[in-house]
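To start, the structure under review is shown below, and the notes come after it.
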Amino acid sequence: MQNLSWWKHAVVYQVYPRSFQDSNSDGIGDLNGIRERLDYFVELGIDALWISPIYPSPMADFGYDVADYCGIDPIFGTMTDFDRLLDEAHRRGLRVLLDFVPNHTSDQHPWFLESRSSRDNPKRDWYLWRDQPNNWQSHFGGSAWEFDNRTGQYYLHEFLKEQPDLNWRNPEVKAAMFDALRFWLRKGVDGFRVDVMWLMIKDDQFRDNPPNPAYELGMSSRARFLPVYDADRPEVHALVAEMRGVLEEFGDRVLIGEIYLPVHQLMQYYGPELRGANLPFNFQLLQCPWTADDLAGAIRDYMAHLPTGAWPNWVLGNHDKPRIASRIGPDRARAAALLLFSLPGTLTVYYGEELGLQDVPIPHDLVQDPAEKRQPGIGMGRDPERTPMPWDNSPACGFTRGTPWLPLGEVNPSLNVEQSRHDPHSMLALYRRLLQLRRAEPVLVAGALTQLSSQDGVLRFLRSDGKKRLAAVVNLAGEERSIPVEDGAIALATDLPRAGEQVHQSVVLKPAEAMVIAIHD
Ligand code: GLC
Ligand code: CA
């Protein structure tokens, strides 16, 4: 592993800063809160933090509406707090990644205020202004075009009208945004997760999207059309390569792209000759039905499409999707964790996954997410997976001494860090063991993945290199299964005390049980 770039054998931990740790009792998590918890990451054994946006923002989309790419929002702290966090993280050997939001700014960004002030303002062309709207729809519902009275034109916003889209065809925009990247890279930030990378460039003729034949009533308004002209345009790849070039000015940094696309399109984001994103996020496990057949298919499909030399990555959850423990249930979430840690490449863990946190239902009057407010009831609400991290048994679970910005709810009664630490069977205990195992067994990170199969509800595959063979077995059948295996010893199982057990010819797995078996030579 010594000769691999750090990010290739890293486990990244996503912090949603509003919900991680509040340090000043205003009910909202902040940078000093994250800094106070740095030892938690060390104890857990992760390698890098990715912090969702912390820049000055009116918070129309909780920081994904940036008003200054080179500042810190006072809600989260000051630049001094950030510098201190970065420094103390680095001293512990932890890398820090920031979220970069290139597709759109806040409508309060000085660039947009200038752009909208007159048709001949020098920044007019920094955004996408048209006399007439086309049929493009916002990801948050309704037309993606907003009429601006003052200058009598429409501007494009792929998300909220408070999030106008930048014009990346304008070289000045590119230069200004790349300088923002350099600002953070110079400070020592280790890389970026790039927001909606596949949307950055749109059709230069603004052609209408074709209708979606699979559209049904009750779907989002965006689903009425196929995203042919406002997403995944061919020009995006040159742009991603340029962005990568900016990171390379600073040495070994990592560029991760948020991309929701079918696998063959996703893979294009590695770029020609792998000069694009280091890691186009792989959301296969986020979107796959949780059966052995579907999972085997998704893993096979991903691995088969991976370009030669490209580095794989895997994700179970993020701040936009229901939590894994809610999607598939708490028992199977343990098996999902073991599956994740048995797969090759870089892993990303969403805060709270290591506790087995579930979505918290949010009463109507407490809804915060703009996506839910704009299209209530169609399941776009993202508050449930963004609720505060429970640290202990105190009121508000040690997250804040004030009133938390989202409720901690009743669904995770005994799930908190303190209690999990003392429970040898907790999800936290499993995560710590998984992280140790991955560090101890380089074959899990970089070895070949072969013999992938699903049979009778059991998913299995082999990880091997010249030195070692590890078999991963996951029982998704809903009943006990006896599985033939080569002789070996259980390296780790979701049922933690089974580690060390010798297996001879076959092994019995309870429902939702999963294990990694070290095959004897
Ligand atoms: C990404 C973010 C999401 C945000 C959207 C608009 O999908 O993950 O939270 O709302 O982009 O910036
Ligand atoms: Ca705070």
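Both counts, for ligands and for their atoms, begin at 1 and track the order of listing. Here, residue 1 is the first one in the sequence, and each next residue gets the next number. Because the structure is predicted, anything quoted here is derived from the model rather than measured. Note: hydrogens, waters and symmetry copies are ignored here, and every other heavy atom, side chains too, is used.
Ring-plane geometry between Phe41 and Phe20 is classed as parallel, the angle between the planes falling under 30 degrees on a 0 to 90 degree scale with a further cut at 60.
Taking atom 7 (O) of ligand 1 as the reference point, the nearest protein heavy-atom neighbour is Glu258 OE2, 2.8 Å. Of the protein's non-hydrogen atoms, Asp320 OD2, 2.4 Å is the one closest to atom 8 (O) of ligand 1. Atom 2 (C) of ligand 1 has Asp195 OD1, 3.0 Å as its closest protein atom, hydrogens excluded (heavy atom only). What sits closest to atom 4 (C) of ligand 1 on the protein, heavy atoms only, is Asp61 OD2, 3.3 Å.
With Ile324 as reference, Glu353 is the one residue of Glu385, Glu353, Arg332, Gln358 to meet the side chain to side chain contact (heavy atoms under 4.5 Å, CB included) rule.
Near His104, with a cut-off below 4.0 Å to any heavy atom, the atoms of ligand 1 are 6 (C), 12 (O). Interface atoms of ligand 1 facing Arg382, defined by a heavy-atom separation under 4.0 Å, are 3 (C), 4 (C), 9 (O), 10 (O). With ligand atoms numbered from 1 in the order given, ligand 1 contributes 5 (C), 6 (C) to contacts under 4.0 Å with heavy atoms of Phe159. Within the listing of ligand 1, atoms 9 (O) sit less than 4.0 angstrom from a heavy atom of Arg386. The Val196 neighbourhood of ligand 1 comprises atoms 1 (C), 7 (O), 11 (O), with distances under 4.0 Å to a heavy atom of that residue. When each atom of ligand 1 is checked for a heavy atom of Phe140 under 4.0 Å away, the hits are 10 (O).
The Ca ion (ligand 2) does not have Ser25 among its coordinating residues (no N/O/S atom, backbone or side chain, under 3.0 Å). Contact annotation: Ile75 places no N, O or S atom under 3.0 Å from the Ca ion (ligand 2).
No donor-acceptor contact under 3.5 angstrom links the side chains of Asp232 and Tyr260, judged on distance only.
Between the O atom of Ile28 and the OD1 atom of Asp26, the angle centred on the Ca ion (ligand 2) amounts to 80° when rounded to 10°.
With a 6.0 Å cutoff to the six-membered ring centre and a 45° limit on the axis angle, Lys202 does not count as a cation-pi contact of Tyr127. For the pair Arg95 and Trp7, the cation does not sit on the ring face, since its NZ or CZ is not both under 6.0 Å from the ring centre and inside 45° of the axis. Relative to the six-membered ring of Trp111, Arg116 misses at least one condition, a distance below 6.0 Å or an angle of at most 45° to the axis.
Taking the Ca ion (ligand 2) as reference, the nearest N/O/S atom within Asp30 carries the name OD2. Shortest distance from the Ca ion (ligand 2) to Asp22 is reached at OD1 (N/O/S atoms only).
Closest approach of Val101 to Pro53, counting heavy atoms only: CG2-CG, 4.0 Å. Smallest separation of non-hydrogen atoms from Pro307 and Met267: CD-SD, 3.8 Å.
Counting heavy atoms under 4.0 Å from ligand 1, residue Met197 does not touch it at all.
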For a side-chain hydrogen bond (donor to acceptor under 3.5 Å, both in side chains) check, start with the C-alpha distance between Arg124 and Asn121, then their side-chain angles and the critical distance, and finish with the verdict. CA-CA 5 Å; Arg124 184 65 168 184; Asn121 184 279; over 6 Å; no
Please step through salt bridge (Lys or Arg N to Asp or Glu O under 4.0 Å) for the pair Arg275 and Glu248, ending with a clear verdict. CA-CA 10 Å; Arg275 304 293 308 146; Glu248 285 185 344; 2.7 Å; yes
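Using 4.0 Å as the threshold, Lys321 has no heavy atom nearer than that to any atom of ligand 1.
The backbone N or O of Asp230 lies less than 3.5 Å from no partner atom in the side chain of Arg233, so there is not a single donor-acceptor pair.
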